[in-house]
A.B. asks: 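For reference, the structure I am asking about is given below.
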Amino acid sequence: MTDTAASSVGPLVTGAEIARLAGVTRAAVSNWRRRYGDFPTPAGGGANSPLYALAEVQEWLDRQRKGQEVSPEVELWQAMRAAYGEQMIAGLAQVAEVLAGEVGSEVPEGIATRVQGLVRSEPPAGVVNGLAERFMDSARRAGSDQVTSERVVRAVRHFAPLLAPDAAVFDPACGIGVLLLSVAPAAMRCRGQEVDVDSARFAQLRADLLGHSDVHIVAGDSLRADQWPDLKADLVVCDPPSGVTEWGREELLLDSRWDLGTPSKAEGELAWLQHAYAHTAPGGHVLMVMPASVAYRKAGRRIRAELVRRGIVRQVVALPPGTATSHALPVHLWCLERPKHTGAADTHRTVRMVDLTDNSPDGDLKPRRDQVADVPLIELLDDTVDLTPGSHLRPRHRDYPGEYAALREELENQIRRLAALPPELTAGDGPGSLDGATTSVADLARAGLVTYEGQQPVSASDQLDTDYLQGFLRSSANARRTTSASGTYRFDGKGARIPRMGIDDQRRYGSAFRTLTAFEEGMRKVDELSRQLAEVARDGLATGALAPEE
């Protein structure tokens, strides 16, 4: 379930989550949206990723009796999982061969029977698309980078340039063709290469079944054994394998593709980038999905400098955290362009930096004005050649005087409030209250006077004040009782005790404890405001945005 929620309608779910609830593919959910006029209307999200109220969806599924029985496509998927296990891509390729009418496929008979049953009610393109979507959804839920994230595909499509109808698109690490087939229209020339034979085979068969008329995908290691040596594409898209050190550097030291510099073993992503650029036609573009660290790692500094110096890198987009499937860290989209004429003077003197890291991964990809900066090349060509968008955007758009004034005013107000918070306390009548008559929290719980919210005990009776209870539980005397021999604090209901008092005295103590809790929270706020104020003041003075009074 999505974290996004609307208070009036309760939890929200995506189309993929509805598909899992009903035991169908996302394509089936899309069909329901089109075919049924009473399908729930979106309660949030955007046009490309609508969100639905979970309660409305469950009511609709019950009313339509959807998901009450296992659908034929679910039966097929379950049979394939049983037959192929971890070799599901090989199974997908074999099923696609059956759908394409190829003779001699090794698909088990039970699976072949289910496939033939499905195509009697659904075209082969629908079946292969449903299986592909189910596989992609499974891989994404598992956090695998085996399949390009749907959010990454959306970002690449958004930032891709407009292409002529006769343009050529190339993906040298195409996997099962998700990115390649999503970016290029069905009639466009598409070329791909993929090191995994089954993935390449499935990508080709899926393209054929979907009616892509000019798609050719071959198997092989693109860096070590390029199968398209003469290809020059108008657009190269690539979501390369990341963090791979054994990409063939020793074998390829003298390769002509390293025009910008020979990548180190740790910079395999920059090897893929140069491979993609070598396959780009004059005036063509490259869109590369890159880990954020490639923008600043020391080992890649020389290659980044050449990209900037020659005016090849046009734009770097920092995508929101959560865009990639396998981790929550932000990824970047590098947008390159090859000059139209060899040796021609480049007219681009800036690199556009776009920082979307504060956005939702399903939100609008169109940046706000404060999320964009055109940075002169000369500013990038320093000792680090850092291409991280945030490093260049924040100093340009930050309102240091406004931030400093607002933080200082908030800090002063918070300190004034704190001064009035500590309760008026007087000398007590004798020794600590826990040295007198006490009751254990365990006894209170057995009597039904205490319940738990998580691990926090709260009053369940008008005979007991919650603030009084929790105040004494946080005292140093109870802390000693609930600390293990190793020194680790762990709340122990059997060991913790509170004094016996009437409810009026409890409330008097509870009010004091409540005020102290507010005081502690205020102190933490003051500490955080102090840190923020010092940081803004220091950075503002260093950048010249702030100056000491004369």
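We use all heavy atoms of the structure for the numbers below, so side chains are in, but hydrogens, waters and symmetry mates are not.
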A.B. asks: Per the side-chain hydrogen bond (donor to acceptor under 3.5 Å, both in side chains) rule, what does the pair list look like for residues 179-193, sequence neighbours excluded?
C.D. replies: Arg191-Asp214

A.B. asks: Ignoring hydrogens and angles, state whether a donor on the side chain of Asp355 or Thr357 is under 3.5 Å from an acceptor on the partner side chain.
C.D. replies: yes

A.B. asks: Which residues pass the side-chain hydrogen bond (donor to acceptor under 3.5 Å, both in side chains) test with Asp198, sequence neighbours left out?
C.D. replies: none

A.B. asks: Please tell me if the side chains of Val385 and Arg302 come closer than 4.5 Å, counting only heavy atoms from C-beta onward.
C.D. replies: no

A.B. asks: Which residues satisfy the side-chain hydrogen bond (donor to acceptor under 3.5 Å, both in side chains) test with Glu251, sequence neighbours excluded?
C.D. replies: Arg224

A.B. asks: Could you check whether any side-chain N or O of Arg304 sits under 3.5 Å from a backbone N or O of Ala295, counting only pairs where one atom can act as donor and the other as acceptor?
C.D. replies: yes

A.B. asks: Counting neighbours of CG on Leu381 that are heavy atoms of other residues, nucleotides or ligands and sit closer than 6.0 Å, is the number greater than 12?
C.D. replies: yes

A.B. asks: Whether the side chain of Gln371 engages the backbone of Arg368 through a donor-acceptor N/O pair (distance < 3.5 Å, no angle test) should be reported.
C.D. replies: yes

A.B. asks: Using the salt bridge (charged side-chain N to carboxylate O under 4.0 Å, His left out) criterion, which residues pair with Arg338? Sequence neighbours excluded.
C.D. replies: none

A.B. asks: Could you tell me whether Glu109 atom CD has more than 12 heavy atoms of other residues or ligands within 6.0 Å of it?
C.D. replies: no

A.B. asks: Can you check whether Arg352 reaches Val372 side chain to side chain, under 4.5 Å on heavy atoms?
C.D. replies: yes

A.B. asks: Would a distance-only check, ignoring hydrogens and angles, find a side-chain to backbone donor-acceptor pair under 3.5 Å from Trp247 to Ala266?
C.D. replies: no

A.B. asks: Do the side-chain N and O atoms of Asp362 and Ser360 include a donor-acceptor pair separated by under 3.5 angstrom?
C.D. replies: no

A.B. asks: Check whether the side chains of Gln58 and Asp62 place a donor and an acceptor atom closer than 3.5 Å, and report yes or no.
C.D. replies: no

A.B. asks: Just to verify, what does Thr262 make a side-chain hydrogen bond (donor to acceptor under 3.5 Å, both in side chains) with, not counting sequence neighbours?
C.D. replies: none

A.B. asks: Should we say atom CG of Leu254 is surrounded by more than 12 heavy atoms from elsewhere, each under 6.0 Å from it?
C.D. replies: no

A.B. asks: Cut-off 3.5 Å, no hydrogens considered: what does the side-chain donor-acceptor table look like for residues 268-282, sequence neighbours left out?
C.D. replies:
from, atom 1, to, atom 2, distance (Å)
Glu269, OE1, Arg297, NH2, 3.0
Glu269, OE2, Gly243, N, 2.9
Gln274, OE1, Asp259, N, 3.3
Gln274, OE1, Leu260, N, 2.9
Gln274, NE2, Gly261, O, 2.7
His275, ND1, Arg257, NH1, 2.8
His279, ND1, Trp228, O, 3.2
His279, ND1, Leu231, O, 2.9
His279, NE2, Asp226, OD2, 2.6
Thr280, OG1, Ala276, O, 2.9
Thr280, OG1, Tyr277, O, 3.4

A.B. asks: Tell me which one of Arg206, Glu194, Arg201, Met136 satisfies side chain to side chain contact (heavy atoms under 4.5 Å, CB included) with Ile176.
C.D. replies: Met136

A.B. asks: Which is it for Phe39 and Ile18 under the side-chain contact (heavy atoms from CB on, under 4.5 Å) test, yes or no, and what are the steps along the way?
C.D. replies: CA-CA 12 Å; Phe39 190 85; Ile18 295 173; 4.2 Å; yes

A.B. asks: Rounded to the nearest 0.5 Å, what separation is found between the CZ atom of Arg309 and the CG atom of Leu380?
C.D. replies: 11.5 Å

A.B. asks: Could you tell me whether the side chain of Arg301 and the main chain of Asp383 form a donor-acceptor pair under 3.5 Å?
C.D. replies: yes

A.B. asks: Check this for me: does any side-chain nitrogen of one of Asp364 and Lys366 sit under 4.0 Å from a carboxylate oxygen of the other?
C.D. replies: no

A.B. asks: Using a 3.5 Å distance criterion without hydrogens, assess whether the side chain of Thr323 forms a donor-acceptor pair with backbone atoms of Pro361.
C.D. replies: no

A.B. asks: Determine, for Arg63 against Glu59, whether the closest basic-nitrogen to carboxylate-oxygen distance falls under 4.0 angstrom.
C.D. replies: yes

A.B. asks: Using a strict threshold of under 4.0 Å (side-chain N to carboxylate O), is an ion pair present between Arg114 and Glu73?
C.D. replies: no

